[in-house]
Amino acid sequence: MAKIKITQVKSTIDKPAYQKRVLEALGIKKMHYTVEKEDTPSILGMVEKVRHLVTVEK
C-alpha cells in the first residue's frame, strides 16, 4: 500500500468534538504536525471528515 502524509493546517478551536477525535485518532497532536499513514479506506474516510483542517500529500 502507498503512504500518505497528513498535516494539520487549521485549528480545531470551535470545531465539533468528533472532528477533534478524528485528528486524535489519526495521531495528529497539534498544528503543523505531520503523520505518515497507510493509504487504506478507513484512513481515507477519516481524512475526508477533516479535509478542511488538513493537507494530504502522496
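Only this structure's heavy atoms are used, side chains among them; waters, hydrogens and symmetry mates stay out.
The CD atom of E57 sits 5.5 Å away from the OG1 atom of T7 when rounded to the nearest 0.5 Å. Atoms CE and NZ, from M31 and K10 in turn, are 9.5 Å apart once rounded to the nearest 0.5 Å. Rounded to the nearest 0.5 angstrom, K49 NZ and M46 CE are separated by 12.0 Å. Put simply, OG1 on T40 and CD1 on I4 are 7.5 Å apart, with the number rounded to the nearest 0.5 Å. Taken to the nearest 0.5 Å, the NE2 atom of H52 stands 5.5 Å off from the NZ atom of K15.
Each of L26, T34, I28, V22 was scored for a side chain to side chain contact (heavy atoms under 4.5 Å, CB included) with V54, with one residue passing: I28.
Put simply, L44 and I6 are part of the same group of oily side chains (I, L, V, M, F, W, Y) that touch within less than 4.5 Å, one to the next.
Here P41 pairs with nothing under the side chain to side chain contact (heavy atoms under 4.5 Å, CB included) rule; sequence neighbours left out.
Side-chain contact between V50 and Q8 is absent, with no heavy atoms from C-beta onward closer than 4.5 Å.
Residue pairs that meet the salt bridge (charged side-chain N to carboxylate O under 4.0 Å, His left out) test with at least one member in residues 20-38, sequence neighbours left out, are K3-E38.
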